[in-house]
Amino acid sequence: MFDTLAGTVGGSPELLALFVGFGLVVGILFGFFGMGGSFLVTPALLMMGYPARVAVGSGMAFVFGTAVIATLKHHDLGQVDYKLGGIMIAGTTLGIEVGRASVFYLEEMGLAGGIISVVYVLLLGAVGLMVTRDALKGDGGGGGHHDAADKDLSEYEIPDIAKTIQETVRIPPMVSLRGDVTVSLWVIMAVAFATGLLSGFLGVGGGFIRMPAMIYAIGAPVPVAVGTDLFEIVFSGAIGSYLYGQGGGVDLGIVVPLLFGSALGARIGSAATSVVDADGIKIYFGGMLLAGAVAVGVGEVGSYLGIEILETIGLVLVLGAAVVVAAAVVYTSLQSLRATHRQQTQAAD
């Protein structure tokens, strides 16, 4: 099967197996966090020697396919706020086009790969530190398990920074969201444009910044932020894929095997959100971002200094971080299910 698919997409069986396996792991992360796809795929492709345009465009196409699969699962769990997602799509669309034009301009100057990697390191590190710090403090996580019902969503505590924004920015119209959250339309639009800009510039769905932005700027409950983020990524990924595809930036030899593996992984990750508590999700999320920042930073230093071993170490760190966190997600989910089963058995006895 691998030989046939490798011939179809134009890659070696070894490279195909790597992409399929990576797709499975990334799919788990994507379904669990509402992100994790191209924020790992794009820098990995850059470190493997693919041109910036192809790395970004193929990462965007992969995001689109995986987001469709994961969103369907979150819809079943009642964790998608379609009003919030619909509003954000408008601002994201403009942001993506601005970001895409910036990449093409920097590529002509020969600066795209380096600048994209630097922005990755800064953003992943900053957001990772903030989310990890918040989760360890137990602030705003709600402590509860994911549940589809609105009455459970309303029990999630809104982070202090989100409360401040909601109290300060009262510019009408005000929008009511799931989980008894009311926020200015202009706050949502600002978050949408900023994350759309990142989507187009970095070739990501924008989830690694949009998911925490929904929590800390808009005040959405964690499960709603994950599900709605994925819903929005379906559209931003589709738009970005089309725009990059028009410029020859989508390589099906990369995208097809990645999607082949992520089809199963995305559903596993999405299901895991119903059994892992919110602070647990944020700790994994922050750790994932910090590991990604270190990996991309090491790889970029190696590329700049011409030290191939550092580039290899960076690539191994990217792949290793994804595998470790995905395994931790699955392990924690299984432990939670076993504990629940044990409690039910003891209650029955």
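- Closest approach of G27 to S262, counting heavy atoms only: CA-CB, 4.0 Å.
- At least one side-chain heavy atom of I188 sits under 4.5 Å from a side-chain heavy atom of M88.
- Both Y50 and L18 sit in one connected hydrophobic cluster of ILVMFWY residues. Membership requires side-chain heavy atoms under 4.5 Å apart, directly or through other members.
- I89 CD1 to L84 CG: the interatomic distance, rounded to the nearest 0.5 Å, is 10.0 Å.
- In this structure, the separation between OG on S102 and CD on E97 is 9.5 Å, given to the nearest 0.5 Å.
- Minimum heavy-atom separation, A61 to S241: CA-OG, 2.9 Å.
- For the atom pair CZ of F22 and CZ of F62, the computed distance is 8.0 Å after rounding to the nearest 0.5 Å.
- Between Y244 and F104, the angle of the ring planes lies from 30° to 60°, which puts this pair in the tilted group.
- Looking at every heavy atom in both residues, V80 comes nearest to G227 through CG2-O, 3.8 Å.
- The hydrophobic clustering, which links ILVMFWY residues whose side-chain heavy atoms are closer than 4.5 Å, places V98 and I96 apart.
- Closest non-hydrogen pair, T228 versus M214, comes out as CG2-CE, 4.0 Å.
- A chain of hydrophobic side-chain contacts below 4.5 Å, direct or via other Ile, Leu, Val, Met, Phe, Trp or Tyr residues, connects I268 to L258.
- Residues L94 and V234 are members of separate hydrophobic clusters, defined by side-chain heavy-atom contacts under 4.5 angstrom among Ile, Leu, Val, Met, Phe, Trp and Tyr.
- No more than 12 heavy-atom neighbours from other residues, nucleotides or ligands sit within 6.0 angstrom of OH on Y105.
- I87 is connected to V226 through a chain of hydrophobic side-chain contacts under 4.5 Å among Ile, Leu, Val, Met, Phe, Trp and Tyr, so both are in one cluster.
- From D81, atom CG reaches atom CG of D229 across 12.5 Å, with rounding to the nearest 0.5 Å.
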